[in-house]
Amino acid sequence: MSTLKEFNFKNQKALIRVDFNVPLDEHLKVTDDTRIQSAKKTILKVLEDGGSCILMSHLGRPKANEPEFSLKNIVSTLEDILGVSVLFSTNCVGTETVQMAKELRPGQVLLLENLRYHSEEKEGSVSFAKALSELGDIYINDAFGTAHRAHASTSVIAQFFPLKKCFGFLLEQEIISIDKVMTSGEKPVLAILGGAKVSSKITIIENILDKVDHLIIGGGMSFTFIKAQGGSIGDSICEDDKMELALEILKSAKEKSVQVHLPVDVLAADDFSNSANTQVVDIASIPTNWQGLDCGPKTKAIFHDVVQQCKTILWNGPLGVFELDTFSTGTKALGDSIAEATKNGAFSLVGGGDSVAAVKQFGFENKVSYVSTGGGAMLESLEGKTLPGIAAINE
Ligand code: AMP
């Protein structure tokens, strides 16, 4: 793995693909700067070596060059985080950008305008990638959030830096964390999969059965398994067309000696709202017109015990409708359990969309070993896919 530590950036211009795809409010102010914070270490390493940084990213999904997708909106936040002033180029290619890059001095940072203002970025255009590549001396990919995309700036560009390309600290950390769970983690290894649908996690489950000793299936997706086994799930969310598959997964887990843990009780509600009437019931005996929206106390205790037994833990997907306070306790309890196991020496990785949101909502970020910054990229890694952004550096 080619990493940042192998390079000295003195008098070098580092062309860094970062993921500054951050949320903005209606005044175009950054509301969550996690992704910018995450790139800081890589940028500072280059500057401290005596080099300069040319930062490139996308922001949102612009159709034309709408100003609300301009990366100019993040400049002041970036300056605050880095503690240095940041030059901004109103394009990411073209004569003026080339000139700005050329004039960049050691210690300076230049941020390029949104790559996706050019359709060639997503198309993976070789000529566009070449034009970008001419701005810098060394290419660094530090954008895990787009590592699963074969875009011009994330993978195509790497061919123009055959010997001068590497991962940034963030991407390196993401790769190491996933590797710990998928191949080199201390046993027993546990994967916790929750969330709404089995269908969105099938490939992950199939891939992960070869890697783990324990599998917890929670949240909305557990009802497909319970119904497939003959349980009554009332009005709980269920994918009837995936019931056959659910049984196959359970059979395959047994053959592979993976212990599967499903919820045994639920907090059922008569409405999908915070003010619904609720009752704790056996998961296989949910009354008609009631739906399971969180796990029950017995389940919390069982899951807690499983988590404490394991030395490597992956968590993807909430155990209930955590966005509603009334149904957030199962997800929060799981977070507590993982935090405790981590404190006792387990490695814990939280990744992929809503579980990251849950971890942030409940303030667990610093109590788990690693919180992934990439949603889709994380899920594709768990599916066992080779990510183009990673392959391009390793080639
Ligand atoms: P996913 O994107 O598949 O990880 O699903 C995340 C969503 O699953 C969250 O918005 C949760 O509210 C939802 N969810 C979790 N448990 C349940 C449940 N028992 N019933 C309905 N939705 C659920």
Side-chain angles (χ1 to χ4, degrees), residues 190-206 208-209 212 214-229 231 233-240 242-243 245-246 249-250 253 259-269 271-274 276 278 280-284 286 290-304 306-307 313-338 348-362 364 368 372 375 378-379 382:
L190 161 69
I192 304 158
L193 297 179
K197 291 182 171 173
V198 184
S199 51
S200 60
K201 310 259 161 107
I202 290 167
T203 326
I204 295 181
I205 299 178
E206 285 170 351
I208 221 141
L209 282 182
V212 302
H214 293 269
L215 173 64
I216 287 180
I217 297 176
M221 63 190 278
S222 60
F223 298 106
T224 303
F225 288 82
I226 301 295
K227 188 172 175 188
Q229 291 175 303
I233 59 163
D235 285 356
S236 306
I237 185 173
C238 182
E239 291 169 281
D240 286 349
K242 295 290 175 291
M243 290 201 301
L245 186 76
I249 288 170
L250 294 176
Q259 286 190 51
V260 178
H261 310 272
L262 283 156
V264 294
D265 59 354
V266 287
L267 183 65
D271 188 24
F272 194 94
S273 82
N274 256 329
T278 59
V280 174
V281 292
D282 186 298
I283 195 161
I286 303 175
W290 290 72
Q291 53 187 313
L293 296 182
D294 197 6
C295 46
K298 285 186 199 153
T299 304
K300 283 180 203 166
I302 293 170
F303 288 1
H304 177 81
V306 177
V307 169
I313 301 162
L314 163 75
W315 180 22
N316 169 269
L319 295 191
V321 183
F322 74 101
E323 301 93 333
L324 299 177
D325 275 353
T326 311
F327 309 106
S328 64
T329 66
T331 303
K332 187 169 182 308
L334 178 69
D336 279 327
S337 301
I338 296 175
S348 53
L349 166 63
V350 182
D354 274 322
S355 30
V356 174
V359 160
K360 286 187 179 172
Q361 181 175 317
F362 301 127
F364 287 125
V368 296
S372 174
M378 175 75 188
L379 296 179
L382 299 179

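These numbers come from the heavy atoms of this one structure, side chains and all, not from hydrogens, waters or symmetry mates.
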Can you list the residues that meet the side-chain hydrogen bond (donor to acceptor under 3.5 Å, both in side chains) rule with K227, with sequence neighbours excluded? D240

Within the 4.5 Å heavy-atom criterion, are I233 and C238 side-chain neighbours or not? yes

Has the side chain of T299 got a donor or acceptor atom that lies under 3.5 Å from a matching backbone atom of D265? yes

Nearest heavy-atom contact between A284 and I226 is CA-CG2, 4.0 Å

Exactly one of L349, N316, V356, V350 clears side chain to side chain contact (heavy atoms under 4.5 Å, CB included) with M378, and that residue is L349

Decide yes or no for I192 and L314: does some side-chain heavy atom of the first lie under 4.5 Å from some side-chain heavy atom of the second? no

Tell me every residue that passes side-chain hydrogen bond (donor to acceptor under 3.5 Å, both in side chains) with T224, counting only those two or more places apart in sequence or in another chain. none

Test side chain to side chain contact (heavy atoms under 4.5 Å, CB included) on Q259 and V306; report intermediate values, then the result. CA-CA 10 Å; Q259 286 190 51; V306 177; over 6 Å; no

Quick check against the 3.5 Å criterion: does E239 have a side-chain atom that pairs as donor or acceptor with the backbone of S199? yes

Let me have the donor-acceptor pairs involving side chains of residues 318-328, under 3.5 Å, with sequence neighbours excluded, atom names and distances please.
{"unit_1": "T326", "atom_1": "OG1", "unit_2": "N274", "atom_2": "O", "d": "2.8"}
{"unit_1": "T326", "atom_1": "OG1", "unit_2": "N274", "atom_2": "OD1", "d": "2.7"}
{"unit_1": "S328", "atom_1": "OG", "unit_2": "D325", "atom_2": "O", "d": "2.8"}

Side-chain contact, heavy-atom cut-off 4.5 Å: V307 with L190? yes

Are I217 and V260 close enough that some pair of their side-chain heavy atoms sits under 4.5 Å apart? yes

Work out which heavy atom in S355 is nearest to a heavy atom in G351; give both atom names and the distance. OG-O, 3.3 Å

side-chain hydrogen bond (donor to acceptor under 3.5 Å, both in side chains) filter on D271, not counting sequence neighbours, yields S273

Do W290 and D235 touch side chain to side chain, with heavy atoms closer than 4.5 Å? no

Hey, is the main chain of G317 close enough, under 3.5 Å, to the side chain of W315 for a donor-acceptor pair? yes

Please name the pair of heavy atoms, one in C295 and one in G330, separated by the smallest distance, quoted to 0.1 Å. SG-CA, 3.6 Å

Among pairs that include at least one residue of residues 329-338, which meet side-chain hydrogen bond (donor to acceptor under 3.5 Å, both in side chains), considering only residues two or more places apart or in two chains? D294-T329, K300-T329, H304-S337

Check whether any side-chain heavy atom of I216 sits under 4.5 Å from a side-chain heavy atom of L193, and report yes or no. no

Look at the side chain of K201 and the backbone N and O of G194, then say whether any donor-acceptor pair between them is shorter than 3.5 Å. yes

Measuring only between side-chain heavy atoms, which start at C-beta, is M221 closer than 4.5 Å to I237? no

Working note: L209 + L215, criterion side chain to side chain contact (heavy atoms under 4.5 Å, CB included); need CA distance, chi angles, decisive distance, verdict. CA-CA 8 Å; L209 282 182; L215 173 64; 4.0 Å; yes

Please report the shortest heavy-atom distance between G218 and P263, naming the atom on each side. CA-CG, 4.2 Å

Starting at CD1 of I202, measure out to CD1 of I205 and round the result to the nearest 0.5 Å. 7.0 Å

Measure the CD-CZ distance between Q291 and F223 for me, rounded to the nearest 0.5 Å. 8.5 Å

With sequence neighbours left out, write down each residue that passes ring-ring contact (aromatic ring centres under 6.0 Å, His included) with H261, or none if nothing qualifies. H214

Answer whether the closest heavy-atom distance between the side chains of V280 and V266 falls below 4.5 Å. no

